[in-house]
Amino acid sequence: MSKRDSRVGILFATPWILGFLIFLTYPLVASLLYSFTNFSILRPPKLIGLQNYNELFHDEVFYKSLGNTLLYVAGAVPLSTVVAIALALLLNTKVKGMSIYRTMFFLPTLVPMVALGTLFSWVFNGDFGLLNEAFHKVHVTPPNWMGDPTWAKWTLILISIWGCGQAMVIYLAGLQDVPVSLYEAAELDGAKVWAKTINVTLPMISPVILFNVVMGIIGSLQIFAVPYVMFPGGAPARSTYFYSSYLYDNAFQYQRMGYASAMGWVLFIITLALTLIALKLSEKHVHYESS
Amino acid sequence: MTAKGVFGLSLAGALLVSAAVFGDKVVSRQARKDRINVIYWEKWTGAEGEEMRKVVDAFNRSQNRIFVSYLSISGVDTKTMLATAGGTPPDVAGIWDNQLYEFSDAHALTDLTQLAKDAGLEANYYIKGYWDVLNYRGRLWALPSTPASIALHVRPDLVPPEVATPDTFPKTIEGLDALVDKISKKKPNGDLAMAGFLPSNPGWWNWSWGLYFGGKVTDGDRLTMDSPENIRAFKWIASYAKRFGAKEVQNFQSGFGTFATPQDPFMAGKVATEINGTWKGNYIRVYHPELKWFAVPFPYPADRPDLEGHTQLVQDVLTIPRGAKHVKEAFEFIKFVQRQDVMEGLCSGHGKNSPLEKVSDHFFSSNVNKYIRLFDRLARSPKAFGPPQIGILPQLQNEMNVAFQEVSTEQKTPEKALHDAQDRVTALWQTYKSQVLDQ
């Protein structure tokens with residue numbers, strides 16, 4: 001590549017580089033600095049050392065929101081993974097009109113989060129929601145999904161399935177890369193559908209599963225819009241008050257930008273730690289073709 | 001670089017420069033070049049927003065020096081705060097009274113004390129309770145747009161005839177509770193069908209229940225959220241969870257429609273009584289005009305007759321954010337809104353009472369709220385109370401909401417819920433004092 005070509009290449013990449021520096025690098029570095037300050041937006045930040053972090057670790061609501069978020073991650077990520085893989089397996093079969101089915105299952109992921117929250121407020125309404133109507137039809141007493149603190153988080157975990165179309169498409173791509181020869185060899189050994197899924201399909205798409213699980217953990221740790229719409233203030237009794245909601249409230253409701261920045265960095269460390277744990281745990285279970 | 005590349009880059013650059021130069025003009029389409037343009041952000045939408053638009057139009061017609069560009073936006077508080085921090089605030093921002101103290105402590109507002117004094121807008125021009133709320137740490141930070149007082153709204157068709165008038169309706173909380181026991185209805189399966197009263201409906205002022213029992217949530221610099229009066233109030237709230245069943249109330253309430261719709265629980269007949277503000281009558285007029293209702297002061301505890309006629313005062317207020325470009329012109333507009341005829345027109349359009357000391361007979365006779373005299377009388381009551389003047393009011397209200405929900409769902413006893421709330425807010429208050437108030 002000539003020098004001239006390099007210059008042109010860099011020139012065309014400039015908008016992205018500028019965007020990266022202004023909208024990502026600067027806020028990242030600034031938030032780290034602000035996390036050590038008392039910064040209420042309208043007054044210049046004042047250095048206070050580790051005070052924000054110290055307060056955070058003594059903050060009852062921090063632990064409550066973190067606990068809610070981790071429970072959500074523990075429920076939503078496995079559930080979405082199982083459903084996405086199951087759908088991908090179904091959509092990987094040779095059936096007439098498959099492209100229509102694939103589109104149908106992917107479409108829900110395009111619904112904006114606020115619309116989704118409003119929609120599910122009606123589906124899960126404890127008095128006349130669609131879901132509870134269905135329970136009543138079969139003479140089963142349903143829970144109050146949104147009003148009962150015990151059930152509210154599980155409602156959100158159930159709703160997380162709605163967005164598994166994205167992961168499903170990636171699984172589908174992974175499934176289509178599994179060599180047919182492996183299935184043929186398994187069939188010669190007498191393997192049936194279940195045995196082939198467990199011993200061939202899942203090991204072969206394990207890198208894809210790992211990728212989706214890691215992305216799912218990162219996404220779930222940042223859950224915000226749907227609970228914000230469906231459960232204002234984390235009601236009932238903060239049972240649906242998540243980490244990002246508390247961070248948002250500190251930054252924009254209470255004008256505590258320094259404290260919110262510290263929360264952001266703690267979330268980053270938690271996300272990094274969970275990702276590393278997931279990668280470590282996966283070492284024995286993920287099979288790469290090259291290895 | 002190829003010719004196409006140069007052309008593409010030039011075009012992108014030109015678009016960027018145009019956006020920077022003309023962007024402001026594009027978003028300010030209402031602006032008049034021949035006048036000083038005052039930007040006014042207001043939270044109201046719908047009919048209430050339109051009533052204020054009429055005021056803005058009248059102001060713009062009334063003179064030829066200033067033009068007010070009116071923008072009705074959601075999240076006005078957050079947007080005003082961020083715009084102020086960014087150095088481009090609106091000239092006038094319509095916020096809620098309970099945000100004044102946080103905004104004032106954050107140095108987000110212009111001190112209106114001298115401007116108001118020069119304009120002759122002083123304490124004697126306003127009803128005392130409303131005026132006091134606008135003053136914080138000895139300075140004036142806002143003037144009212146519309147105010148309200150809170151009362152108990154009753155549906156006479158859902159209560160026995162002997163209590164179906166304002167004169168015969170129970171005056172005490174004990175009387176209200178007895179009535180609730182008498183008229184509330186359950187379905188054969190135990191589900192609630194109609195509740196005589198629910199403390200959790202509409203659930204907008206959970207911090208203030210203790211004040212109806214003679215308490216406070218702050219006393220000067222001290223937090224008193226777990227005072228005996230507040231605990232008594234929360235025990236009363238807990239009695240409703242016991243009376244109807246916590247889960248039954250949750251199920252029942254999850255079927256309530258939203259406030260500004262015909263499915264509103266009071267209009268739909270799911271509750272026979274409801275604590276609400278002056279504006280409620282206006283919404284009934286719009287969504288259920290044939291509905292019969294009346295309003296009475298919220299009952300008082302039988303052993304505290306001195307509390308008779310108590311009410312909570314709430315206000316929508318007009319402020320000038322710090323750094324506004326046209327402070328004097330912005331205040332000209334605010335002053336115009338304070339004119340008795342303008343204020344009465346606006347409040348009447350909202351179905352609310354006036355914040356002004358002097359009120360015309362025409363205002364009472366033409367107001368769409370037939371109980372407007374009651375709301376006016378309550379606003380003037382010496383027992384009327386406004387929001388506590390503390391900069392961490394949003395956090396305090398949130399913690400009281402959580403305590404209320406913990407008690408309503410029987411997760412905690414009133415004592416435990418309020419002690420926890422008190423501990424949490426005390427810690428926040430200490431931090432706030434050192435970090436924001438520099439104490």
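The figures here come from the full heavy-atom set of this structure, side chains too, leaving out hydrogens, waters and symmetry mates.
Side-chain polar atoms of A/Tyr241 and B/Asn398 form no donor-acceptor pair below 3.5 angstrom. Judged by distance alone, the side chains of B/Lys247 and A/Asn144 never bring a donor and an acceptor atom under 3.5 Å apart. B/Asp105 and B/Tyr136 are linked by a side-chain donor-acceptor pair at a separation below 3.5 angstrom, with hydrogens and angles left out of the test. Side-chain contact of A/Tyr53 with A/Ser35: a donor-acceptor pair under 3.5 Å is present, judged by distance alone. Neither side chain, B/Trp141 nor B/Thr319, offers a donor N or O lying under 3.5 Å from an acceptor on the other.
Highest contact tally toward chain B, considering only A/Glu55, A/Met146, A/Lys46, A/Glu60, is held by A/Glu55 [criterion: heavy-atom pairs under 4.5 Å]. Chain B forms more heavy-atom pairs under 4.5 Å with one residue of A/Ala235, A/Pro143, A/Gly233, A/Gly129 than with any other, namely A/Ala235. Options B/His107, B/Arg424, B/Gln253 differ in how many heavy-atom pairs under 4.5 Å they form with chain A, and the most are formed by B/Arg424. Put simply, of B/Gln99, B/Gln395, B/Glu406, the one with the most heavy-atom pairs under 4.5 Å next to chain A is B/Gln395. Listed options B/Asp423, B/Val402, B/Asn401, B/Val407 were ranked by heavy-atom pairs under 4.5 angstrom with chain A; first place goes to B/Val402.
None of A/Tyr259, A/Tyr243, A/Phe224 except one satisfies the ring-ring contact (aromatic ring centres under 6.0 Å, His included) rule with A/Tyr248; the exception is A/Phe224. A side chain to side chain donor-acceptor pair (under 3.5 Å) with A/Lys153 is found for one member of A/Thr240, A/Asn68, A/Thr69 and no other, namely A/Asn68. Exactly one residue among A/Asn132, A/Asn125, A/Thr155 makes a side chain to side chain donor-acceptor pair (under 3.5 Å) with A/Trp145. That residue is A/Asn132.
Contact of B/Ser408 with chain A is not made at all, since no heavy-atom distance falls under 4.5 Å. Neither the backbone nor the side chain of B/Ile392 comes within contact range of chain A; no heavy atom of the residue lies under 4.5 Å from a heavy atom of that chain. For B/Gln411, the part lying near chain A is the side chain, with the backbone staying farther off; criterion is any non-hydrogen pair under 4.5 Å. For A/Arg43, the part lying near chain B is the side chain, with the backbone staying farther off; criterion is any non-hydrogen pair under 4.5 Å. Only the side chain of A/Arg256 comes within less than 4.5 Å of a heavy atom in chain B; its backbone stays farther off. For B/Val249, no part lies under 4.5 angstrom from a heavy atom of chain A. For chain B, no part of A/Asn250 is nearby; none of its heavy atoms comes within less than 4.5 Å. Only the side chain of B/Glu102 comes within contact range of chain A, with at least one heavy atom under 4.5 Å from a heavy atom of that chain. Both the backbone and the side chain of B/Thr84 come within less than 4.5 Å of a heavy atom of chain A.
The number of heavy-atom neighbours closer than 6.0 Å to NZ of B/Lys433, taken from other residues, nucleotides and ligands shown, is above 12.
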